[in-house]
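This report refers to the structure that appears directly beneath it.
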Amino acid sequence: MICFNQRGPNRPKRQQDSGWSYLVCACAFVCQAGNMGLILSFGVLFPVIMERFNSKRQDIAWISSLAYFLLLFSSPVAGRLSEKFSCRFVTMLGVLSSTVGLVLASFAKSAFVYYLTYSLFVGFGICCVRVSNFLIVSKYFCKRKPFATGILTSAAGMGLFVFAPLTESLLDRFGLEKTLRFLSGTVFVTGIPALAYDPNVQENESNNATIQLQQEKFNERTQTKLVDCSVWRVPTFTVFALTFALDRFGQSPTRTHLVKYAEEQGLPAYSSSRLLMYFGLASCIARLVAGCVCDLTRVNPRYVFQVGSLITAVSVILLPLANSQTRFILCSVFFGVGNGITLTSMNIVLLNCVEAKRRASAFGLANFLSSFSVLSSPPLIGFIADEFHSYKPAFYLVGGVLLASTALPFVIFCVKVNRRDEREPQTLIMPVENHGQIQYVSSC
């Protein structure tokens, strides 16, 4: 049975890499899929909201942009809440916030209300769920931590695979308002498995020693600052942080506007929404495969990222040439493959381009920078499409940006790389909760 007493001293502790650990991983997968699938499938709602309020593309694009911006930008806040309370509490808080936001959005009489309901409540809620899910999974695993993290990462693609056709079916049968209410109930139900997030875990003793040693070294350097900005002096990090921002600038608007563009090209609404389903499934599979490939000793994750980025760039550039359902499906599948490859390989690069004590700062700063890309790019693409009365110039611009993100890593060969930062073995750094504090350590 699930024990609701979080800190009972007489209860036996849960063991890492145990059966309960895999139960927690499965519960986190369900919760992650439900919440990430919701925000990633906004493209299905996009044309409906646009038609309901007779708004421009750029105005509606701001709804998802603000939500995704908060998802990345508010991660430190969600981490602090998890540190002060528990991952179970923060997950339920996030689910409740998303549920309330969707219910309030269903009563909206103007598009502006969506900025205050969907963007604010849903964006922050999904941020809480996403951060706490990764924290609890990292806490319950030691030897199989990379494997468990890979499963959790693939949940976003699986969530999109499920939510895209589900949302379209609900819109056809019940309309926008009732669809939002049904989605709110679905998101709430997917948060119930978080009750299994028992924080009473017996952590490996050697791992605890590593945690304490790394935390002491980290505190010596960061007593007066929350973020170690010295990572910007590492050429590899600087180049790939900018590369990641360009990649997010190109991929985010494509996912948002894909359904609307397909409908304008003559595809039925049902077939257009299915494009996101194909994208999600391809991305889910590609993330798992890319993780296995990057784990090979002879494979450099930097080159894996460039391959994925090139695939996404070509698929977006060819998208304006698609004039049939089959070609749209092919573009969506290859776009999903590139998306999965770039996300997995980029995380590995960012977490391994500096030494262990600066990895948390490097990862946080890179995501902070990319949050502004996802905030600005969908409205900008919508503005271009409104001005030219066509998505084609916008997609060519996006494809050019993705090609730039493919080529930018070659700059590393032109600068003197600090080899001291890259001599350490490539180990995955995961956030864990130790004695009520969130810390970042290497996986076992």
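Since the model is a prediction, treat every value here as computed from it, not as a measurement.
- Two residues are said to be in side-chain contact when any heavy atoms from C-beta on lie closer than 4.5 Å; Ile412 and Arg302 meet this criterion.
- Across every non-hydrogen atom of Leu152 and Ala28, the tightest pair is CD1-O, 3.6 Å.
- Checked against side chain to side chain contact (heavy atoms under 4.5 Å, CB included), Cys127 has the following partners two or more places apart in sequence or in another chain: Ser74, Ser75, Ala78, Val131.
- Counting only N and O atoms by type, the side chains of Ser309 and Thr342 include no donor and acceptor under 3.5 Å apart.
- Closest non-hydrogen pair, Val239 versus Pro409, comes out as CG1-CA, 3.8 Å.
- For the pair Arg255 and Phe335, the cation-pi criterion (under 6.0 Å, within 45° of the ring axis) is not fulfilled.
- Other residues, nucleotides and ligands contribute at most 12 non-hydrogen atoms within 6.0 Å of the CZ atom of Phe383.
- Without hydrogens or angle criteria, Ser97 side chain to Leu93 main chain gives no donor-acceptor distance under 3.5 Å.
- In summary, the aromatic rings of Tyr140 and Tyr197 are positioned with their centroids too far apart to meet the 6.0 Å limit.
- Side-chain N or O atoms of Thr91 include none that pairs as donor or acceptor with a backbone N or O of Ala194 at under 3.5 Å.
- Nearest heavy-atom pair across Pro165 and Met277 is CG-SD, 3.7 Å.
- Outside the 6.0 Å centre-distance limit, the rings of Phe182 and Phe174 are not counted as a close aromatic pair.
- No more than 12 heavy atoms of other residues, nucleotides or ligands lie within 6.0 Å of CZ in Phe73, so this atom counts as exposed by the packing criterion.
- Under the 30°/60° scheme for interplanar angles, the aromatic rings of Tyr114 and Tyr118 are found to be tilted.
- Listed here is the closest heavy atom pair of Val95 and Gly191: CG2-CA, 3.6 Å.
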Worksheet item: Can you list the steps and then say if Ser377 with Gln251 is a side chain to side chain donor-acceptor pair (under 3.5 Å)?
Response: CA-CA 9 Å; Ser377 56; Gln251 292 201 29; over 6 Å; no

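- Under the 3.5 Å distance criterion, the side-chain polar atoms of Ser184 are matched with a main-chain donor or acceptor of Arg181.
- Of all heavy-atom pairs spanning Ala111 and Ser55, the tightest one is CB-OG, 4.0 Å.
- For Trp62 and Tyr115, the distance between ring centers is not under 6.0 angstrom.
- The salt bridge (charged side-chain N to carboxylate O under 4.0 Å, His left out) search around Arg57 returns Glu264, Asp386, not counting sequence neighbours.
- The backbone N or O of Ala61 sits less than 3.5 Å from a side-chain atom of Ser64, completing a donor-acceptor pair.
- At distances below 3.5 Å, not a single donor-acceptor pair connects side-chain atoms of Ser283 with backbone N or O atoms of Gly280.
- The side-chain heavy atoms of Leu45 and Leu180, taken from C-beta on, include a pair separated by under 4.5 Å.
- Between the side chain of Glu168 and the main chain of Ser273, no donor-acceptor pair closer than 3.5 Å is present.
- Taking CG of Leu380 as the reference point, atom CD of Gln58 lies at 9.0 Å (rounded to 0.5 Å).
- Taking the side chain to side chain contact (heavy atoms under 4.5 Å, CB included) definition, one finds that Ala394 meets it with Ile381, Ile384, sequence neighbours left out.
- When all heavy atoms of Cys27 and Ala196 are compared, the closest pair comes out as SG-CB, 4.0 Å.
- A donor-acceptor distance shorter than 3.5 angstrom exists from the side chain of Asn133 to the backbone of Val129, with no hydrogens or angles considered.
- Aromatic ring pairs are classed by plane angle as parallel below 30°, tilted from 30° to 60° and perpendicular above 60°; the pair Phe42 and Phe46 is perpendicular.
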